[in-house]
Colleague: 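Pasting a structure below so you can have a look.
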Amino acid sequence: FQASECAWMVTAGVMLPELRESATWRDVGVALTKERIRKNYDADGAQLEQCPQYHLTGMRDITRVLLVLHANGLDDISGDGELWRKLERIYDYPIRITHPTGHLGVINSGVYGTEAQAFFPVGVRLFGSDLHRWASKRYVSPGFVPVAKSLSQFTLFMDGDWAQTLADARAADAPPPTFTNDLMADSGLAVLRSGWDADAFSLIFDFNRKPWGGHRYPGRLSFDLFAFGVPMVVNPGSTLSYSMPVYRKWCSQTIGHNTVMIDNRSHSDFTAEPVAWREGKKAVFVAARIESQGFVYQRSIVSVTGEYVFVFDRLAGEKGKVPLAWLLHSPLALRQEEGSIIGGGNGKPGLLITPDTATREASKTVFGKGYAAVPVSYHENYKPLDAWRDDVPYLRINSETDATLGGQTYGVLLAPFRKTPPKVAVLTQNVPDTTRLDIHAVAIQWPDRTDILTVDYRNGKTTCRIERK
C-alpha cells in the first residue's frame, strides 16, 4: 500500500509544480519508492511475499513512478546504477517463471493469468532489454488482452508508446535467453526447462526460503509442470475472492499442493532450504528440504531434459505409523492402468505417473476431485470463472512412516507424452548394507534403454548419479 501511495505522491509532485509542497511530495515519494525496491525484493528480483500476483502489483506502482519521471526528463531512480540493476532483475523475474503457454507459474496465492505480458514491452522501454524484446515477440499475441481473475488493470500501460514498442520488438530479431534451467537461490525457486519453444517442458519447484505476509501457503516442495502446450500439474493458486471458504480450507492448505502431506495436516513450517543443484548437458538435479511435524522432509528432482522428471522424496524421523500422502493435482483426467496413473492421452498430450516398486508395495493410490486455479487467456466469451475449477482431479499415494526404516521414501516418475503414454517399468534397486534413506536407486526401463538414477543422502550431503545403458 505504501508503494501505491508513493506513486501518487510522485505523480502529484511532478504534475503540479505550481504548488508549494510539490517538490517535497516528489522527494518523499521517490525516497520511499527506492526504499521499497531495496527492502521488498530479494536479490534475484522476487517480491518478498513470493506471490507472482503481488509481484506484478508492486511492479505496477513502480512503473507508474518511472513513466512519470521519464516523461518529464527526470532520472531520480534510473540515475542510481545499483538500484537500477536490481530493478531490471525485478522486471526480469516474471519472464523467468513464465511457462511455455505464456502463463506465470503459480507460487502461494498466485494466478495462472497472462497479465505479466503487459510489462514485457514496458521492460524494453525502461531497460532496452533484449530479454524483454524477445519475450514481447514470443508471448504477446495479436489482440492481446491481459487477464488474471478478471480483465487486468495493467491495460493502463498499453498506450501508443507501448503498442509501438511491441511492434518494434516483433520486427526485431532478439535472441532467446541463453539459459534454460534457472536457480533462484535467494528467494527459493528452481525452473527446469527443456527449452523456450511452445512445446517445451517446464517445471517450477517451490522451496521458498522466506515467504512473507498473508499470501504464503504451507506448500513448500510443491511444483507445477507444463509440456506440449498443456498444463500437466497445477498448484491451487487463489480463488476469485479471498472470502470464499475454499480459499482457507483448500488453497492455503498443504492438501491443495503437489507435495507430501504428513499426518493428514498442513506443514508446520512455511520455509524451506536448498540442498543441492547440479546442471549438466542433458540433465539437471535439484534438492531442498523442510522440517515439519517432527520429520525432515527432503525432495530431490531429476529432470532428464525433454524426456522425463523423477521425484525422490525422503522423510526421516523416529515416529512410526504416521500417515503420509504424496499429492499430485492435474487438470487432466486421471486413470490407473497396470501400476501407473495416466493423465489425458487418447491422441492428445498427457502425463504418465509411475511410482517405483518400493512405493507401490508400501502404499495405496486414491483419487479425488479438488480445487485449483487453471491457466486462462482472453477470448470472445471470456469470463472470470474461466480461471478457476472446482473439479480438478488429484491423486494421493497413501503410505505411512516405518520406525524400523527410520521414516519413509517415495519415488515417482513423471513422463509427459504427446499422444501415447510410453511403456516403462520403474524398479527400486537394493543397495547392499544401506536403506533407501541412505541411498535411493531406481532403474527406469524403457523399450530401448535403461536409466539408473541413484540419490545418495549419506555424509550430510545429497548427490545424484545418472547412468544410461
Side-chain angles (χ1 to χ4, degrees), residues 50 107-108 185 188-190 203-211 216-224 233 235-236 252-277 285-302 309-329 355-356 358-359 362-363 394-414 428 434-440 442 453 455-464:
Q50 305 293 347
I107 305 107
N108 296 306
L189 282 183
L203 181 148
I204 300 179
F205 180 40
D206 168 9
F207 57 94
N208 283 176
R209 302 184 66 185
K210 46 192 174 185
R216 63 180 185 170
Y217 289 167
R220 301 294 75 80
L221 310 189
S222 187
F223 62 91
D224 57 10
V233 181
N235 280 315
S252 59
Q253 304 296 330
T254 299
I255 182 67
H257 293 78
N258 307 298
T259 185
V260 175
M261 183 169 62
I262 304 168
D263 201 17
N264 293 316
R265 293 182 287 155
S266 286
H267 291 164
S268 56
D269 195 356
F270 290 89
T271 63
E273 282 296 327
V275 172
W277 169 264
F285 174 69
V286 62
R289 69 182 169 210
I290 64 171
E291 293 187 18
S292 182
Q293 278 98 349
F295 289 86
V296 176
Y297 166 30
Q298 178 169 315
R299 169 160 282 181
S300 304
I301 299 178
V302 178
V309 169
F310 199 92
V311 180
F312 293 91
D313 287 310
R314 176 185 189 266
L315 295 103
E318 296 179 358
K319 292 185 286 187
K321 296 189 178 300
V322 175
L324 304 172
W326 193 96
L327 301 164
L328 184 139
H329 304 73
D356 67 355
T359 300
S363 66
Y394 75 96
L395 65 89
R396 296 175 55 133
I397 303 178
N398 290 331
S399 184
E400 63 181 17
T401 58
D402 182 335
T404 303
L405 182 64
Q408 189 54 272
T409 65
Y410 286 93
V412 183
L413 170 73
L414 304 175
T428 310
T434 69
T435 71
R436 294 193 308 281
L437 271 74
D438 300 319
I439 299 176
H440 192 165
V442 297
L453 310 184
V455 175
D456 190 335
Y457 302 103
R458 295 175 300 176
N459 302 318
K461 298 180 180 179
T462 300
T463 60
C464 177

Colleague: For the residue pair Ile262 and Leu324, establish whether any side-chain heavy-atom pair is separated by less than 4.5 Å.
Modeller: yes
Colleague: Can you tell me how far the OG1 atom of Thr254 sits from the CZ atom of Arg265, to the nearest 0.5 Å?
Modeller: 10.5 Å
Colleague: Measuring from Thr359:OG1 to Leu413:CG, what's the distance to the nearest 0.5 Å?
Modeller: 11.5 Å
Colleague: Working note: Arg396 + Leu327, criterion side-chain contact (heavy atoms from CB on, under 4.5 Å); need CA distance, chi angles, decisive distance, verdict.
Modeller: CA-CA 5 Å; Arg396 296 175 55 133; Leu327 301 164; 3.5 Å; yes
Colleague: Flag this pair as yes if the NZ/CZ of Arg314 is under 6.0 angstrom from the six-membered ring centre of Tyr457 and inside a 45 degree cone about the axis; otherwise no.
Modeller: yes
Colleague: Is the shortest heavy-atom distance from the side chain of Leu437 to the side chain of Leu405 under 4.5 Å?
Modeller: yes
Colleague: Counting only N and O atoms by type, is there a donor-acceptor contact under 3.5 Å from the side chain of Ser292 to the main-chain atoms of Ser268?
Modeller: yes
Colleague: Are side-chain heavy atoms of Arg209 and Glu273 found at a separation under 4.5 Å?
Modeller: yes
Colleague: Quick one: pull up CG in Asn208 and CD in Gln50 and give me the separation to the nearest 0.5 Å.
Modeller: 4.0 Å
Colleague: Which is it for Phe207 and Leu221 under the side-chain contact (heavy atoms from CB on, under 4.5 Å) test, yes or no, and what are the steps along the way?
Modeller: CA-CA 5 Å; Phe207 57 94; Leu221 310 189; 4.1 Å; yes
Colleague: To the nearest 0.5 Å, what is the distance between CG (Asp456) and OG1 (Thr463)?
Modeller: 4.5 Å
Colleague: How long is the gap from OG on Ser300 to CZ on Arg289, to the nearest 0.5 Å?
Modeller: 10.0 Å
Colleague: Return yes if some donor-acceptor pair links the side-chain N/O of Ser363 with the main-chain N/O of Ile397 below 3.5 Å, else return no.
Modeller: no
Colleague: Around atom CD of Gln293, are there more than 12 heavy atoms from other residues, nucleotides or ligands closer than 6.0 Å?
Modeller: yes
Colleague: State, with a plain yes or no, whether a side-chain heavy atom of Asp263 is found less than 4.5 Å away from one of Pro323.
Modeller: yes
Colleague: Test side chain to side chain donor-acceptor pair (under 3.5 Å) on His257 and Asp206; report intermediate values, then the result.
Modeller: CA-CA 10 Å; His257 293 78; Asp206 168 9; over 6 Å; no
Colleague: Do the side chains of His267 and Thr259 get nearer than 4.5 Å, heavy atoms only?
Modeller: yes
Colleague: Please examine the side chains of Gln298 and Phe312, heavy atoms only from C-beta on, and report whether any two atoms are closer than 4.5 Å.
Modeller: no
Colleague: Is the ring pair Tyr410/Trp326 parallel, tilted or perpendicular, if the boundaries are 30 and 60 degrees?
Modeller: tilted
Colleague: State, with a plain yes or no, whether a side-chain heavy atom of Val309 is found less than 4.5 Å away from one of Phe223.
Modeller: no
Colleague: Checking the side chain of Ser222 only, and the main-chain atoms of Asn258 only, is there a donor and an acceptor separated by less than 3.5 Å?
Modeller: yes
Colleague: Which heavy atom in Leu315 sits nearest to a heavy atom in Phe295, and how many Å separate them?
Modeller: C-CD2, 4.4 Å
Colleague: What is the minimum heavy-atom distance between Thr462 and Val275, and which atoms define it?
Modeller: OG1-CG1, 3.6 Å
Colleague: Determine whether a donor-acceptor pair (N or O, by modelled atom type, separation under 3.5 Å) exists between the side chain of Ser266 and the backbone of Gln253.
Modeller: no
Colleague: Any chance you could measure Ser252, atom OG, to Phe270, atom CZ, to the nearest 0.5 Å?
Modeller: 8.0 Å
Colleague: Do Gln408 and Arg436 have a side chain donor and acceptor closer than 3.5 Å?
Modeller: yes
